[in-house]
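Everything on this sheet refers to the single structure shown next.
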Number of protein chains: 2
Amino acid sequence: MEKKLFITFLKERGLRFTKERTVILQKSLSFNGHFDPESLYHQIRKTGLKASRASVYRTLNLLCECGLIERVRKTDRGTIYESSFGHKHHDHMLCIRCGSIIEFYSEPLEKIQEKVCKKHGFLGANHTLEIRGYCKTCQKKKK
Amino acid sequence: MEKKLFITFLKERGLRFTKERTVILQKSLSFNGHFDPESLYHQIRKTGLKASRASVYRTLNLLCECGLIERVRKTDRGTIYESSFGHKHHDHMLCIRCGSIIEFYSEPLEKIQEKVCKKHGFLGANHTLEIRGYCKTCQKKKK
DNA sequence: CCATAATTGATAATGAGTCTCAATAACAAG
DNA sequence: CTTGTTATTGAGACTCATTATCAATTATGG
């Protein structure tokens, strides 16, 4: 499924579908959420599969280009990715105390963004919204 | 004004208000918008003032902590800051072709975010919204 | 003016990500 | 299946932003 999409993408560009790319694609999707290149790399080694760090980085870039994964955010400790296939668009709330992440989607929010873009003559392609604050649990702890 | 705020912040923490920090504060504000540490550093050298790269980075962190500036986004080429004092909150549209940035503010957008937070029991402190796409000029060029 | 502790700056260190390049493997054509 | 062409791989060198180190310097309260 995603594999097909990736293969098509590669062929179109005269690129090849290799063992390493298969492994990296599968592991990326297996996270079913957020992940970072280093964790992905270790996952691969742990399961006895093989792919170098360089290939991981190279392939993640390809997967981004064909839309199978997305770069969510760059942190001090590197880039965070997320598999986006079959995953509908959503935004994030990030708890600045415990680091937990809430994914949410709001139709009105999307609509208003479209309006705002139109107002500025801007053609929006995609967006990232991150709301930082305190999750339910940490609000209690703060007191 | 901003200087007072910074001095107070420093005193509270037993930190000192030095020549270097003055220079870095003033230059940071002088950009009146987005800037990056490297440009700031070169601005300082160009005008014959003195402050090392190390001090620039250290001071930018302090200025962030006391809210006088904000980290807007991390790029492949480093962090982008923005002076936030006297600057009311706004979000960004980023043209992925020419790199131009449109700042905008939308009251309804803010209100809806508050609602969404409430719905998830989340206490929002601040947020970043970046809409990527094509600015008016680049839409024309694309054709 | 003095003593103390924070600050500075030159430079080394760190770490994510990219580049290099010789060896290897995918794939199309015969 | 075999071969030739060309993309890919991986180990390690490299880049570049940012942070840590540490001896020398300086702000600040008394």
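We name chains A, B, ... by the order of the sequence lines, and we start the count at 1 in each one.
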Full working for salt bridge (Lys or Arg N to Asp or Glu O under 4.0 Å) between B:R71 and B:E82: CA-CA 7 Å; B:R71 254 177 278 268; B:E82 156 178 277; over 6 Å; no
Audit row: A:E103, A:H34, side-chain contact (heavy atoms from CB on, under 4.5 Å) steps and yes/no: CA-CA 11 Å; A:E103 299 184 353; A:H34 302 142; 3.8 Å; yes
Under 3.5 Å: donor-acceptor pair, side chain of A:T79, backbone of A:T75: no
To the nearest Å, give me how far apart [atom1] ([X]) and [atom2] ([N]) are.
{"X": "A:L60", "N": "D:dT9", "atom1": "CG", "atom2": "P", "result": "12 Å"}
{"X": "B:L62", "N": "D:dT19", "atom1": "CG", "atom2": "P", "result": "11 Å"}
{"X": "B:R73", "N": "D:dA17", "atom1": "CZ", "atom2": "P", "result": "16 Å"}
{"X": "B:R21", "N": "D:dT25", "atom1": "CZ", "atom2": "P", "result": "19 Å"}
{"X": "A:K74", "N": "C:dT18", "atom1": "NZ", "atom2": "C1'", "result": "12 Å"}

Nucleotide of [options] approaching [X] most closely (side-chain heavy atoms):
{"X": "B:L15", "options": "C:dT8, C:dA10, C:dA6", "result": "C:dA6"}
{"X": "B:P37", "options": "D:dT21, D:dT9, D:dT18", "result": "D:dT18"}
{"X": "B:T79", "options": "D:dT18, D:dT21, D:dT19", "result": "D:dT18"}
{"X": "B:Y57", "options": "C:dA26, D:dT19, D:dT9", "result": "D:dT19"}
{"X": "B:R16", "options": "D:dG10, D:dT28, C:dA16", "result": "D:dT28"}
{"X": "A:S52", "options": "D:dT8, D:dG10, C:dG9", "result": "D:dG10"}

Pair B:S28-B:F35, side-chain contact (heavy atoms from CB on, under 4.5 Å): steps then yes or no: CA-CA 8 Å; B:S28 292; B:F35 66 94; 3.9 Å; yes
Sugar-phosphate, base or nothing in reach of A:N61, heavy atoms under 4.0 Å: sugar-phosphate
Sugar-phosphate only, base, or nothing, as touched by A:R58 at under 4.0 Å among non-hydrogen atoms: base
Donor-acceptor pair under 3.5 Å, A:R53 side chain vs D:dG12 base: no
Test side-chain contact (heavy atoms from CB on, under 4.5 Å) applied to A:D91 and A:E110, step by step: CA-CA 10 Å; A:D91 295 303; A:E110 304 288 320; 3.7 Å; yes
